[in-house]
Amino acid sequence: MMAVGGGVGVGGSSRSVACCAVLLAVAVLFSAPATTEAYDSLDPNGNITIKWDIMQWTPDGYVAVVTMFNYQQFRHIQAPGWQLGWTWAKKEVIWSMVGAQTTEQGDCSKFKGNTPHCCKKDPTIVDLLPGTPYNMQIANCCKAGVINTFNQDPANAASSFQISVGLAGTTNKTVKVPKNFTLKAPGPGYTCGRAMIVRPTKFFTQDGRRATQALMTWNVTCTYSQFLAQKTPTCCVSLSSFYNDTIVNCPTCSCGCQNNGTRPGSCVNENSPYLQSAIDGPGKWTGQPLVQCTSHMCPIRIHWHVKLNYKEYWRVKITITNFNYRMNYTQWNLVVQHPNFDNITQLFSFNYKPLTPYGGRISK
Ligand SMILES: *[C@@H]1O[C@H](CO)[C@@H](O)[C@H](O)[C@H]1NC(C)=O
Ligand SMILES: *[C@@H]1O[C@H](CO)[C@@H](O)[C@H](O)[C@H]1NC(C)=O
Ligand SMILES: *[C@@H]1O[C@H](CO)[C@@H](O)[C@H](O)[C@H]1NC(C)=O
Ligand SMILES: *[C@@H]1O[C@H](CO)[C@@H](O)[C@H](O)[C@H]1NC(C)=O
Ligand SMILES: *[C@@H]1O[C@H](CO)[C@@H](O)[C@H](O)[C@H]1NC(C)=O
Ligand SMILES: *[C@@H]1O[C@H](CO)[C@@H](O)[C@H](O)[C@H]1NC(C)=O
Ligand SMILES: *[C@@H]1O[C@H](CO)[C@@H](O)[C@H](O)[C@H]1NC(C)=O
Ligand SMILES: *[C@@H]1O[C@H](CO)[C@@H](O)[C@H](O)[C@H]1NC(C)=O
């Protein structure tokens, strides 16, 4: 199990902020705000924008570069990565791809000789893995579908692939934009809007002295909803303080219950001989968590320990423990809302960024 810790010191008068009131006021989210809309109250403008730039017309279609930008404040697309799908408007086929692939070829039996990469009406695209041969790569590809946020890792906040489409329109008047875009990350959670034809993208040369432009561009915007993603929380908070030995554990069944009768295998014990096969078993590809058996059954536990509580300031130590055997969370972040976080005076072992200038939030 991985556990990481750090400390936060918060300044300001605590006259009105008795310790327990502070603790009760804490709302902690591990990339998992609880909203029921297809938007996130902590990141209301957050979205993933998918841009298609047609770079070249071909005798029976076009070559496009498709790029996904993660414009969310703190939500990464983590391993095992994104899956992008759509429905073709006509009878298009994918002749070839660079930097990604479809999960299925589909029925290409009517093609003699040259066989397309994919003939499905509703292809599903996945990223290639790191270490893909150079002749199958393009810029921003081949990261196993992982897309970080601009906030935390701007160099890895976009993902691209190139697609050659046949049996399609060959001018900007006859080409039809694909419909019904779906983005899985890899589970549910995102809802994508309609593709909108926008002003063609301009590409500047390195010295900025010349711009070329796409022949045609369309954008699709996808937004995240926790409600669509899963109905149970993904983390819980346990509490303790310097003046009392009692640890208030995460409530039993915070994220689900150990139910050996009806759902055997819903969790795995650390010493189980089946642990390794369970890690690689069903659910690996869909990103389903495989949690260690605990009373709370959460993949993540946040422990909030009050170290000091003075009139002028208080200090807490936060420890995050990963109980999900399928995830390493190397690029983790923690979003915390607290009314005093507009006056953080000292931080240890965390990087911190307020999500809004006025809001009380902390994240790494
Ligand atoms: C922030 O904390 C310092 C003391 O640590 C205090 O002097 C100051 O008034 C506080 N500011 C706000 C806006 O609460
Ligand atoms: C998506 O996010 C970007 C960056 O925050 C923003 O400029 C854009 O307006 C957003 N798009 C939509 C459709 O909300
Ligand atoms: C299509 O191309 C013509 C020029 O060939 C251009 O005037 C027009 O704006 C383009 N339309 C779109 C939607 O890009
Ligand atoms: C859109 O895609 C979803 C999921 O792939 C599918 O269930 C639905 O029927 C599609 N709708 C249309 C109009 O193609
Ligand atoms: C389309 O998406 C790209 C990438 O996010 C963005 O730069 C561009 O402004 C968008 N165009 C429109 C018209 O929203
Ligand atoms: C510590 O907290 C527990 C639970 O709230 C309480 O029952 C106990 O009396 C407290 N002990 C002290 C020394 O305050
Ligand atoms: C489920 O089984 C585990 C070990 O096999 C046991 O520790 C736990 O108490 C059981 N839970 C329930 C709800 O029966
Ligand atoms: C997590 O990291 C460890 C050590 O680097 C590695 O052995 C393991 O395969 C990783 N697990 C996953 C699910 O990525």
Side-chain angles (χ1 to χ4, degrees), residues 18-24 26 33 35 37-55 64-77 82 84 86 138-141 147-163 172 175 177-178 181-183 185 189-204 208 211-225 237-252 303-309 333 335 353-357 359 361 363:
C19 157
C20 293
V22 169
L23 296 184
L24 290 174
V26 171
T35 66
E37 318 279 358
Y39 104 116
D40 190 330
S41 59
L42 288 178
D43 188 9
N45 299 316
N47 67 71
I48 292 194
T49 299
I50 305 162
K51 185 167 70 90
W52 286 55
D53 289 312
I54 296 187
M55 307 302 290
V65 172
V66 180
T67 307
M68 282 176 264
F69 299 88
N70 186 358
Y71 290 128
Q72 298 178 106
Q73 295 267 25
F74 52 84
R75 195 179 303 282
H76 305 310
I77 294 187
W82 55 261
L84 179 66
W86 61 78
I138 68 162
N140 290 319
C141 86
I147 314 182
N148 292 330
T149 61
F150 274 102
N151 248 344
Q152 201 168 334
D153 186 9
N156 290 299
S159 189
S160 298
F161 58 87
Q162 182 184 294
I163 183 169
N172 71 8
V175 76
V177 301
F181 277 87
T182 54
L183 176 64
Y190 288 94
T191 311
C192 300
R194 284 195 327 162
M196 307 281 274
I197 294 172
V198 298
R199 194 183 293 213
T201 306
K202 286 196 169 157
F203 304 97
F204 288 90
T212 54
Q213 69 179 60
L215 300 168
M216 186 176 181
T217 300
W218 57 79
N219 277 3
V220 182
T221 304
C222 306
T223 52
Y224 186 83
S225 153
V237 182
S238 55
L239 306 166
S240 60
S241 68
F242 64 92
Y243 57 81
N244 191 321
D245 289 341
T246 307
I247 294 177
V248 181
N249 278 318
C250 284
T252 303
H303 186 73
W304 182 272
H305 177 71
V306 179
K307 295 189 77 166
L308 297 172
N309 188 28
N333 59 50
V335 181
K353 188 167 184 178
L355 286 182
T356 60
R361 283 141 203 195
S363 74

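Counting starts at 1 for both ligands and their atoms, in listed order. Source: prediction; values computed, not measured.
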Inset, instruction - Taking side chain to side chain contact (heavy atoms under 4.5 Å, CB included) as the test, write out the residues that go with Thr252, two or more places apart. - result: Ser295
Legend entry - Residue-ligand contact Arg199/ligand 5, heavy atom below 4.0 Å: no
Inset, instruction - Can you label the angle between the Trp86 ring and the Trp52 ring as parallel, tilted or perpendicular, going by 30° and 60°? - result: perpendicular
Inset, instruction - Supply the atom-to-atom distance Thr191 OG1 to Phe181 CZ, rounded to the nearest 0.5 angstrom. - result: 14.5 Å
Inset, instruction - Apply side chain to side chain donor-acceptor pair (under 3.5 Å) to His303 and list each qualifying residue two or more places apart in sequence or on a separate chain. - result: Ser238, Ser240
Using a 3.5 Å cut-off on N/O to N/O, what pairs does ligand 2 make with the protein? A line per pair would be great.
{"from": "ligand 2", "atom 1": "2 (O)", "to": "Asn47", "atom 2": "OD1", "distance (Å)": "3.4"}
{"from": "ligand 2", "atom 1": "2 (O)", "to": "Asn47", "atom 2": "ND2", "distance (Å)": "2.3"}
{"from": "ligand 2", "atom 1": "11 (N)", "to": "Asn47", "atom 2": "ND2", "distance (Å)": "3.0"}

Legend entry - Partner residues of Asn140 under the side chain to side chain donor-acceptor pair (under 3.5 Å) criterion, sequence neighbours left out: none
Legend entry - Test item: Asp43 side-chain N/O and Gln73 main-chain N/O as donor-acceptor pair under 3.5 Å: yes
Inset, instruction - Check whether more than 12 heavy atoms from other residues, nucleotides or ligands sit under 6.0 Å from atom CG of Asp245, and answer yes or no. - result: no
Legend entry - Under 4.0 Å to a heavy atom of Asn244 - the qualifying atoms of ligand 6, by number: 1 (C), 2 (O), 3 (C), 8 (C), 10 (C), 11 (N), 12 (C), 14 (O)
